[in-house]
Amino acid sequence: MANKQLREEATCSICLEYFTDPVSVECGHAFCLSCITRCWEGLETDFPCPQCRETSKNKILRPIRQLGNIVELLKQLQTPSADPQGENLCREHEEKLKLFCEDDQVTICVICREAKEHRQHRVRPIPEAAQGYKKSIHDHMERLKKELKDLQTWTAEESGTAEEFEEIFKNQTKKILNTFELLQQFLEKEKKQLLSKLEEEHDEKMKKIWEKLNKLEKLQSTHQDLITTMAGKCQQQDVELLKDVQIILRRCNNAKAQKTPDDVVAEQTLKSIGQHASLQDKLLELRETFPAKLEWAYIKSWATAVTLDPDTAHRSLILSEDGRSVRHRHREQDLPNTPQRFTGFTDVLGTQRMTSGRHYWEVAVELGYKMSMTLGVCDEAVSRMGELIPSPENGYWAVWLRDGKYEANTSPPTLLTPRVPPRAVGLFLDYEAGRLSLYNVDDRSLLFTFSGASFPPPPCGPSSVQSLTGKGRMRGRCGSCR
């Protein structure tokens, strides 16, 4: 027991190894010089003791040379002696070391076993004890290997997040610059403020991402070092294997890798970059004073390519190979009956999910006999089977043409009076503002705006919004700005 206490007193509480260049801090506790230096790295004042947490104003480290000498002597004393045949002998009794004291974690001879110091302790034969610790080391090694793989996976995920963030940053910056090129006479000051804010967000979030990557790399290095150390242990003789085995196992227990939630790279945060309400409010405030051409250019700067999803199309709708146009016919096609397919309405959805931001796309319509159409967006989770009133309350925001009349599907329907029949309809969706505006592309006039719409909140999934192209007897082409 005395030997165990002596080893503990000669062990640094930070690295759990024997002291190397021991120094004392102001409160009197001792640490390795390199360990306490790393703990205090970056601090200018209020230096805490890692053991008792007492702080000192100044960085005072006093070398303890005598403790260093004692540690070196202790290392020498713990090296077992050997007989001429190379067998390990008890330093005190010159007998073969055959037993291992679990309480003191030392190898002993049969004479030591009967001594008062070990009489009440748990003692096992060395081969038996070594086999038990080999299993423990092997289990720890397997755990560390698994955690190392997890760390490598998480590192790859973080790297992917950094790339995704960079791509979003570049795309949003491009849209902002394009918009302000059209408005530079009016909004030069706002342009600088917005780009500055975007740069700030970029630097802040990238800093957190790289900090986490550095942390993961350090954890990988620690795990790899421990695996190498343990692999070496398993190759040693039993006596050598048992030496300092508890210290190594404690290091293994302390080196656990756990994945923590990271709100820096949350999808909602990433997708909100550049979606500043201040810019939108200013544009809407100045809307009446802007030339119509300038406003139209702003709307079209949010162009989003839209293609049609064949898995959602009603059986009477025929899609082109590129998914950009659709036509109606009386005879239904023989198509798989999937949960995504509309059966109660002659509808088809776009493949694009919209869960945030602003989007603009156009649908060109070529109306035929008994002209009818429905254009807008809908909640992805809407019912697609049986009869249902397509209203905002049921997850539909759209305008339609029925019996020669244009209406918005409010409750009750709102009659629309376009100056000229639209041959193409432009749809401008502002997800965060809950606003969907539909335009007659021919004369750039506003057909209708749904304000305060309760679009499903992010994240995406079964509750995202998708473009809706419902058709009775008509042909259409769907895509980004023509």
How about [X] and [Y]: do any of their side-chain heavy atoms sit closer than 4.5 Å?
{"X": "I137", "Y": "L249", "value": "yes"}
{"X": "C109", "Y": "K96", "value": "no"}
{"X": "C35", "Y": "E17", "value": "no"}
{"X": "W40", "Y": "P48", "value": "yes"}
{"X": "E9", "Y": "F19", "value": "no"}
{"X": "F342", "Y": "L349", "value": "yes"}
{"X": "M354", "Y": "W361", "value": "yes"}
{"X": "E102", "Y": "V123", "value": "no"}

Taking the six-membered ring for Trp, are Y360 and F428 parallel (under 30°), tilted (30 to 60°) or perpendicular (over 60°)?
->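 Ring orientation of Y360 relative to F428: tilted.
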Just say parallel, tilted or perpendicular for the rings of H29 and F31, cut-offs at 30° and 60°.
->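 Tilted.
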Would you please say whether a donor-acceptor pair under 3.5 Å links the side chains of Q220 and T155?
->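 Q220 vs T155: donor-acceptor pair found between side chains.
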With sequence neighbours left out, write down each residue that passes side-chain contact (heavy atoms from CB on, under 4.5 Å) with E167, or none if nothing qualifies.
->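 Applying side-chain contact (heavy atoms from CB on, under 4.5 Å) to E167 gives N171.
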Who pairs with T222 by side-chain contact (heavy atoms from CB on, under 4.5 Å), at least two apart in sequence or on another chain?
->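 By the side-chain contact (heavy atoms from CB on, under 4.5 Å) rule, T222 matches L226, A255.
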Hey, what do you get for [atom1] ([X]) to [atom2] ([Y]), rounding to the nearest 0.5 Å?
{"X": "I247", "Y": "T11", "atom1": "CD1", "atom2": "OG1", "value": "5.0 Å"}
{"X": "I248", "Y": "S136", "atom1": "CD1", "atom2": "OG", "value": "11.0 Å"}
{"X": "Q236", "Y": "K243", "atom1": "CD", "atom2": "NZ", "value": "7.5 Å"}
{"X": "L242", "Y": "C101", "atom1": "CG", "atom2": "SG", "value": "12.0 Å"}
{"X": "L219", "Y": "L151", "atom1": "CG", "atom2": "CG", "value": "5.5 Å"}

Before accepting this row, confirm whether a basic side-chain N of the pair K208/E204 lies closer than 4.0 Å to the acidic partner's carboxylate O.
->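 Judged by the 4.0 Å cut-off on N to carboxylate O distance, K208 and E204 do form a salt bridge.
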N-O pairing of K207 and D203 below 4.0 Å =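 No, this pair does not count.
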Residue pair T304 / H359: nearest heavy atoms and the distance that separates them |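 That would be OG1-ND1, 3.1 Å.
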Stepwise, does the side-chain contact (heavy atoms from CB on, under 4.5 Å) test hold for C90 with I111?
-> CA-CA 9 Å; C90 174; I111 299 176; over 6 Å; no
Starting from the C-alpha separation in whole Å, work towards a yes-or-no answer on side-chain contact (heavy atoms from CB on, under 4.5 Å) for L213 and S159.
-> CA-CA 8 Å; L213 284 172; S159 298; 4.0 Å; yes
Would a distance-only check, ignoring hydrogens and angles, find a side-chain to backbone donor-acceptor pair under 3.5 Å from E362 to L427?
->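 Here the side-chain-to-backbone pair does not exist.
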Decide side-chain contact (heavy atoms from CB on, under 4.5 Å) for Y133 and Q246; before the verdict, give the C-alpha distance in whole Å, the side-chain angles of both, and the deciding distance to 0.1 Å.
-> CA-CA 9 Å; Y133 279 106; Q246 282 294 336; 3.3 Å; yes
Residues, nucleotides or ligands: over 12 heavy atoms within 6.0 Å of K146 NZ =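 It does not: K146 NZ has 12 such atoms or fewer within range.
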